[in-house]
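Numbered from 1 within each chain, the chains take letters A, B, ... in sequence-line order.
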Amino acid sequence: MSYGNGEISPLLPSVCRNPEVPRLKESKIRLRFAPSPTGYLHLGGARTALFNYLFARHHGGLFILRVEDTDRERSTKESIDAIFEGLKWLDLDWDEGPFFQSERLDLYRSVSDRLLSAGHAYRCYCTPDELEERRKAALEKGLPPKYNGRCRSRSTEGSGPHVIRFRHPETSEIVVRDLIRGDLRFDGSLFDDWILVRSDGYPTYNFAVVVDDIDMRITHVLRGDDHINNTPRQIALFETLGESLPFFAHIPMIHGADRTKLSKRHGATSVMSYRDMGFLPQALVNYIARLGWSHKDQEIFTRRELVDYFDLDHVGSSPAVFNPEKLLWLNAQYMKNADPNELAEWVRPLLHPVMNPVRSEGNETQGFDLTKIVDEWKTRSRTLLELADSVHPFIDRDFSYAQDVLEKHLNQANRPLLSLYRERFAAIRTWDRDHLTDVLKTIGTERNLKLGQLAQPLRAALTGQNVSPGIYEVLILLGRQEVIDRLDRALRTIPPET
RNA sequence: GGUCCCAUCGUCUAGUGGCCCAGGACGCUGGCCUCUCACGCCGGAAACACGGGUUCGAAACCCGUUGGGACCA
């Protein structure tokens with residue numbers, strides 16, 4: 001395979017053919033997360049960021065944030081903000097940056113000038129139409145659609161719009177030393193003279209990445225394996241620029257249930273949408289950490305443990321399917337173990353508008369105790385949103401009765417029982433668990449009812465639901481006055497005898 | 001189509017040649033606890049893609065096949 005009539009001057013041929021294991025010049029390792037701001041921070045990006053963060057922290061290195069916004073069409077300010085917001089929510093703090101590629105055009109310009117004057121790059125005046133034509137022709141002949149090197153050796157300067165191409169060194173093979181996958185071999189004849197600088201003067205992705213990774217002295221490039229095919233080109237450029245290579249490590253993609261790369265059509269993929277659905281950032285971090293990485297049989301990790309244990313040896317190499325059920329379970333675990341005061345503060349902003357707040361007994365100004373209520377409900381909810389839902393009847397007197405509850409429990413047959421409750425509760429000396437237990441036991445004996453038969457109608461009257469925390473917890477949470485009011489309301493609700 | 005990657009229960013995974021007729025977790029399921037529902041606890045079903053090698057021995061190493069994916073076009 002030849003580049004047409006172009007004269008080929010081998011550049012650093014031996015280096016590309018026999019890549020050395022990268023050597024570290026830095027005393028501290030340096031990693032970067034380099035998102036393109038063309039959308040929100042999605043789960044895949046978040047995991048890449050997390051792995052970079054964890055690897056850096058584990059080794060006492062630095063984590064750098066770089067925004068790759070050279071695609072002027074698709075990059076937006078909103079997206080940049082969304083990515084920062086996502087990282088912040090996940091508590092992935094960076095040590096340097098954010099750097100914006102759009103503010104570093106001078107740097108790319110100076111490097112492309114250097115390559116140009118050293119003969120490692122050249123201006124190409126082929127028009128998009130010409131290239132398209134040649135591409136088609138090559139495809140028809142069954143040849144790979146590479147650039148044919150037409151401008152590679154032109155003796156005169158052209159004029160008009162042009163791109164700058166990298167004079168790709170001739171090499172038999174380029175080997176990517178991947179920390180996760182081992183050696184990845186690419187046939188050297190595959191590569192054509194790719195574009196470094198577009199006709200509008202903006203650098204291409206591969207060019208800007210290499211320039212920045214050198215400039216920022218990145219020691220480890222840890223990124224999604226959708227970039228594997230870019231790596232040999234980047235390596236050739238590193239070598240041509242006389243730079244030692246960083247370590248590369250490509251982590252597998254996250255897939256949807258259909259085993260294709262996770263994307264919008266799989267539903268919620270934005271990190272922030274998980275906040276909006278009532279997930280805890282710690283739970284999401286824990287979940288994505290375990291997607292493609294493991295530490296023996298452990299499922300739940302503190303941030304500290306994640307940093308302590310994280311390593312590339314236990315990053316898998318096959319793609320992982322995102323499983324919302326397991327995330328839900330993890331979130332429930334984190335809620336169960338959360339400090340009740342904190343949990344209450346997380347739930348508070350999510351509460352529905354309260355029309356008629358419950359007042360705690362004996363202290364009209366204090367109001368309901370959200371911490372206690374939330375504490376009783378936390379093992380019964382998997383998300384903060386569910387928790388906010390469940391808690392509502394305990395903070396708002398204007399709750400409603402579920403239809404099946406009305407039919408099953410708030411009926412004529414239970415009227416005497418509910419009246420009796422009202423009477424006995426009003427007479428209790430101290431509103432505590434012991435006295436309440438007494439009341440129920442006594443009534444149970446008198447009327448020959450089991451606790452289950454006693455508790456369900458009461459629960460229905462007090463909460464409008466078939467499900468709630470333990471009946472004594474409910475009674476204590478609501479307080480005497482509220483309980484009596486609710487029993488009155490339930491009794492009024494029962495349709496009169498016909 | 002080209003290049004590259006990947007392959008253990010439905011899903012996430014443990015496993016680095018003998019500890020594995022394969023362990024944990026989610027989900028599913030039986031039971032216990034119990035005033036409901038959860039939580040919790042105990043149990044169950046459920047996997048090494050296939051075919052060849054290498055080896056005394058293979059889920060693990062090699063080759064091929066099949067299947068899946070990513071990138072480029």
Parallel, tilted or perpendicular: ring planes of A:Phe322 versus A:Tyr274, cut at 30 and 60 degrees: perpendicular
Nearest-nucleotide pick for A:Asp297, side chain only, options being B:C12, B:G24, B:G69: B:G24
Shortest side-chain distance from A:Val321, nucleotide among B:C12, B:C4, B:C71: B:C12
Filtered N/O pairs between nucleotides 30-33 of chain B and protein, under 3.5 Å:
none

Under 4.0 angstrom between A:Arg382 side-chain N/O and B:A38 OP1 or OP2: no
OP1 or OP2 of B:G15 under 4.0 Å from side-chain N/O of A:His314: yes
Separation of B:C71 P from A:Asn229 CG (nearest whole Å): 9 Å
A:Thr260 side-chain proximity, nearest of B:C12, B:A70, B:A7: B:A70
Listed nucleotide nearest any side-chain atom of A:Glu299, set B:A25, B:C35, B:G68: B:A25
Any donor-acceptor N/O pair under 3.5 Å between B:C6 base and A:Arg181 side chain: no
Under 4.0 angstrom between A:Lys261 side-chain N/O and B:C71 OP1 or OP2: yes
Short side-chain N/O contact from A:Gln333 to OP1 or OP2 of B:G40, under 4.0 Å: yes
A:Arg233 vs A:Asn323, nearer the 5' end of RNA chain B by closest nucleotide: A:Asn323
Closest listed nucleotide, where the reference is the side chain of A:Gln456 and the choices are B:U36, B:G27, B:A7: B:U36
Closest nucleotide among B:C6, B:G15, B:C35 to the A:Ser318 side chain: B:C6
A:Glu482/A:Arg480 ion pair, N-O < 4.0 Å: no
Sugar-phosphate, base or nothing in reach of A:Gly452, heavy atoms under 4.0 Å: sugar-phosphate
A:Asp258 atom CG, over 12 foreign heavy atoms within 6.0 Å: yes
